[in-house]
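The residues of the chain are indexed from 1 along the displayed sequence. Hydrogens, waters and symmetry mates play no part in the numbers below; they use all other heavy atoms, side chains included. Quantities reported herein were computed from a predicted structural model and do not represent experimental measurements.
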Amino acid sequence: MSDTRLTLKEMCAKFDATPRTLRYYEYIELLQPEREGRTRYYGPRECARMTLILRGRKWGFSLEEIRQWLLIYEDEGTEAQMRSMIELADRQLADLEEQQKQLKEALAELQDLRDKVAAGLSKS
């Protein structure tokens with residue numbers, strides 16, 4: 001893989017994404033690869049943006065929320081966008097904390113059930 005520019009195939013491999021996903025992100029203007037004929041080339045800027053897109057998706061943000069985040073990341077966001085992003089992050093943090101609590105409860109319940117079944121087996 002080239003250090004400065006990646007082809008669509010290389011970009012897919014680097015980020016474990018499908019060509020369809022990358023083309024969609026280009027279509028909705030989250031990514032803007034260079035084009036030479038029909039070939040797309042992704043430079044360091046696009047790789048950084050893709051990293052941020054994947055982080056945002058992992059944290060549960062919508063693509064539109066990620067778009068706002070990318071504007072802020074590139075110092076093109078307004079103060080209102082920055083304040084909005086802080087509010088979005090606060091909401092998402094609360095949601096993730098609730099999911100974490102629910103997951104801990106589910107793990108504890110499953111562990112308890114597993115232990116009861118294992119104890120029943122050892123009595124047999």
Treat each ILVMFWY residue as a node, draw an edge where side-chain heavy atoms are under 4.5 Å apart, and state whether Leu113 and Leu103 are in one component. no
Report whether Ile28 and Ile66 are members of the same hydrophobic cluster (ILVMFWY, side-chain heavy atoms less than 4.5 Å apart, transitive linking). yes
Nearest 0.5 Å, what's the CZ-CG distance between Arg23 and Leu8? 6.0 Å
Ignoring hydrogens and geometry, is there a side-chain-to-backbone donor-acceptor pair from Glu97 to Ala94 under 3.5 Å? no
To the nearest 0.5 angstrom, please state how far the NZ atom of Lys101 sits from the CG atom of Leu96. 14.5 Å
Is it true that, when you exclude Arg45 itself, more than 12 heavy atoms of the residues, nucleotides or ligands shown sit nearer than 6.0 Å to its CZ? yes
Taking side chain as C-beta onward, heavy atoms only, is Gln68 less than 4.5 Å from Leu88? no
Check the surroundings of atom CD in Gln102: do more than 12 heavy atoms from other residues, nucleotides or ligands lie under 6.0 Å from it? yes
Tell me, yes or no, whether the heavy-atom count around Glu98 atom CD, taken from other residues, nucleotides or ligands under 6.0 Å, exceeds 12. yes
Minimum-distance pair of heavy atoms, taken over all atoms of Gln92 and Gly60: NE2-CA, 3.5 Å
Could you walk me through whether Arg83 and Glu79 pass salt bridge (charged side-chain N to carboxylate O under 4.0 Å, His left out), step by step? CA-CA 6 Å; Arg83 290 186 189 286; Glu79 183 177 335; 2.6 Å; yes
Donor-acceptor contact present, side-chain Arg49 to main-chain Leu30, <3.5 Å: yes
Answer yes or no: are there more than 12 heavy-atom neighbours, outside Asp16 itself, under 6.0 Å from its atom CG? no
Pair Asp95-Gln99, side-chain donor/acceptor within less than 3.5 Å: no
Would you say the side chain of Tyr25 lies within less than 4.5 Å of the side chain of Leu63, judging by non-hydrogen atoms? yes
Check whether any side-chain heavy atom of Trp69 lies under 4.5 Å from a side-chain heavy atom of Glu65, and answer yes or no. no
Under the salt bridge (Lys or Arg N to Asp or Glu O under 4.0 Å) rule, collect the residues that match up with Arg35, sequence neighbours excluded. Glu26
Starting at CD1 of Ile86, measure out to CG of Leu93 and round the result to the nearest 0.5 Å. 11.5 Å
Within the structure provided, determine whether Cys12 and Leu22 are in side-chain contact (heavy-atom separation under 4.5 Å). yes
Any non-hydrogen side-chain atom of Tyr42 less than 4.5 Å from a side-chain atom of Phe15? no
Let me see the working for Leu71 and Gln81 under side chain to side chain contact (heavy atoms under 4.5 Å, CB included), right down to the final yes or no. CA-CA 9 Å; Leu71 287 172; Gln81 286 172 318; 3.4 Å; yes
For the residue pair Leu6 and Tyr41, establish whether any side-chain heavy-atom pair is separated by less than 4.5 Å. no
Heavy-atom check, side chain of Cys47 versus side chain of Met11, under 4.5 Å: yes
To the nearest 0.5 Å, tell me how far Arg5 CZ sits from Thr39 OG1. 9.5 Å
Output the distance between atom CG (Leu54) and atom OG1 (Thr21), rounded to the nearest 0.5 Å. 9.5 Å
Looking at CD1 of Ile53 and CD of Glu46, how far apart are the two atoms once the value is rounded to the nearest 0.5 Å? 8.0 Å
When you measure from the side chain of Ser84 to the backbone N and O of Ala80, does any donor-acceptor pair fall under 3.5 Å? no
